[in-house]
2 protein chains.
Amino acid sequence: MKLQVTQENLNRALSSVARIANSRGTLPILANVLIRTSKNRLSLSATNLDIAITHYIGAKIAEEGSITVPARLMQEFVSSLPEEIINLELDGNKLHVSTNKYNSVVNGVMADDFPVMPAIKAGKSWSVNAVAFKKAMQQVVFAASSDETRPVLTGVLLKTTDKNLAMAATDSYRLAEKQLGKVKEDVEMLVPASALQDLLRVIGDDDEEIQITHDGQQVLFKLSDIELVTRQVDGKYPEYEKLIPSSFAVSARLKKADLVSVTKVSSLFARESAGSVTIVVDESNQTLSIKSVASQLGENTASAEAKIKGTGSITLNSRYLLDALNALTGDEVEFGFNGKLEPTLLTDPNNADYKHIVMPLKS
Amino acid sequence: MKLQVTQENLNRALSSVARIANSRGTLPILANVLIRTSKNRLSLSATNLDIAITHYIGAKIAEEGSITVPARLMQEFVSSLPEEIINLELDGNKLHVSTNKYNSVVNGVMADDFPVMPAIKAGKSWSVNAVAFKKAMQQVVFAASSDETRPVLTGVLLKTTDKNLAMAATDSYRLAEKQLGKVKEDVEMLVPASALQDLLRVIGDDDEEIQITHDGQQVLFKLSDIELVTRQVDGKYPEYEKLIPSSFAVSARLKKADLVSVTKVSSLFARESAGSVTIVVDESNQTLSIKSVASQLGENTASAEAKIKGTGSITLNSRYLLDALNALTGDEVEFGFNGKLEPTLLTDPNNADYKHIVMPLKS
């Protein structure tokens, strides 16, 4: 292997893939990145066996070849180099990396020892707008569970109804759903939230479209220069649609910034009670108040003006409330609930695409 | 106690003092901040028994009084409030904090239970320029030791020679010294590096002068609105001046950015060897090279153009070298050493005020 590549391109590719490489696993070679020539391009790949990612960059290739090198060292090293042409040349298992002023030898491991990167041979293929899909992931993925004892909730659901695609995630305490519009295939699959977090990280500003291919076991997300393959999550996803309330005994509409502010202040006094705050909505004075009590430290009541229908109160986890507000777009938020034990729905009153449910705490 | 303050002032004062309050100590009240009216001002104080800090702010005081409240809660709370007038009113040990939309009660502890803030009654008093003193602390304090088994090295020396003040610190592996110019008193004292780090944090952009008063046991640093009192470190400071070499067998002068860059890249390959890198200076080709070898990962040689006298090599800890370069001002750096076991001196060739020594490692 002998080639030239720009520092900028090599750095970008290493940044994309190095995070997947894991130095604490049982297979030491998974801490390496696989570097391989492929016609007039160079591919850099890493895998943790659940997720595999490959980034293609342009390169001036004089001799074909492949090698694996420690991902973290290589990434930090290349990111420290000036923006110049970098020469890569393989001598046995030693990768010589040189620029005008730097000469390094990185000890590699033969590419034959690296796991075969998964590929999807057959399967349905469809496309989504990259910007919209990125936004949807930002609004939904965090609501998935990280608790491996209920694997199905660690997944994010991608499902069409009459070819309208929705993305949904829940950890059973809160639920987020985003409508993504029409796609050309019927789809229903569960993608690990961690894989979507990695996908989110590598979508670039110049990616216009994501091509998604799935065969029932694996899913391939294809960007302009990057391919990410992940296993699907097995299991039946809960029928969450039934949980979303459509009418409310009590509702409040207010500036999102006001609700964020009063929630943040209240949460400071809610540490002893694991973040529990009580929201009091009063139709008579058109005010939303949040109360929190820390028996040792003190107590707090914060209020904000709101357009209110109905009167009542509900106790929520302030962290989940802040997460939901952070995910909502728009300047206003609509907040609705029925009984004290029923879910609260948060939406943007000017945009019906996104729904966020928070389950109440016992007060 | 009943008064009004601006959120901006109260927030600034709490930010200054809350870091000194410590919730993990044996005395629970030390996690509190003491709030006290004092004529037409409000003072906020915290202490960890080594260091005591008081910040004075303007306030509209209706009733005198004092109370202590949990520092962390109070700071986070006030920093979350909008920029409005804040009302503080004491009712027993409960501090009512209210603005237009927020009503909080913070449970306090009587001010009588708070340790008496140390005061310096008599002692020498002198002044330094705040900007120059701040810069000197940034260049020197990090070189002090954090190892409490040699307490004297955890201090920073302030010492005059013919009324010329110098600030110096060493952890025995490296040493930094800054000349601060004339002061009106003869001074020799050891100030805990941790106290100077706290002082550094609270010096504001509008502080012009620092008034320093010391009585042999304690030192008071007085800024326009802040007073910081610290104990002095006991013990005899090493006569470090003898260690600073004045002539060199080998010297190199080069762009600081170049030396930073080659050192950073080399340090990546120096992890296995605890940061050890070897600097090779060659008069014949006017090049400074840094070599590092990681037996497992690989090896690196990086070079930079330099004006060189003499030929030789020296092995240093790359982290200490980067710290020194970071502390040096100016675009160029002068680098000089004699034998392989003798100290290396780093200076700014255009400014003789600052000297930094790094002791070599065995290569």
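Naming convention: chains lettered A, B, ... in sequence-line order (proteins, then strands); numbering from 1 in each chain.
Residues A:K291 and A:N300 have side chains that never bring a donor and an acceptor to within less than 3.5 angstrom of each other.
Using a 4.5 Å cut-off on side-chain heavy atoms (C-beta onward), A:E305 and A:Q286 make no contact.
Aromatic rings from B:Y102 and B:F77 are positioned such that their centres are separated by 6.0 Å or more.
For the options A:L297, A:V106, A:T301, heavy-atom pairs under 4.5 Å to chain B are most numerous at A:L297. Interface summary for chain A: among B:I290, B:L81, B:V262, B:V265, the most heavy-atom pairs under 4.5 angstrom belong to B:V265.
For B:V293, no part lies under 4.5 angstrom from a heavy atom of chain A.
A side-chain contact (heavy atoms from CB on, under 4.5 Å) with A:V69 is found for exactly one of A:L88, A:L95, A:N93, namely A:L95.
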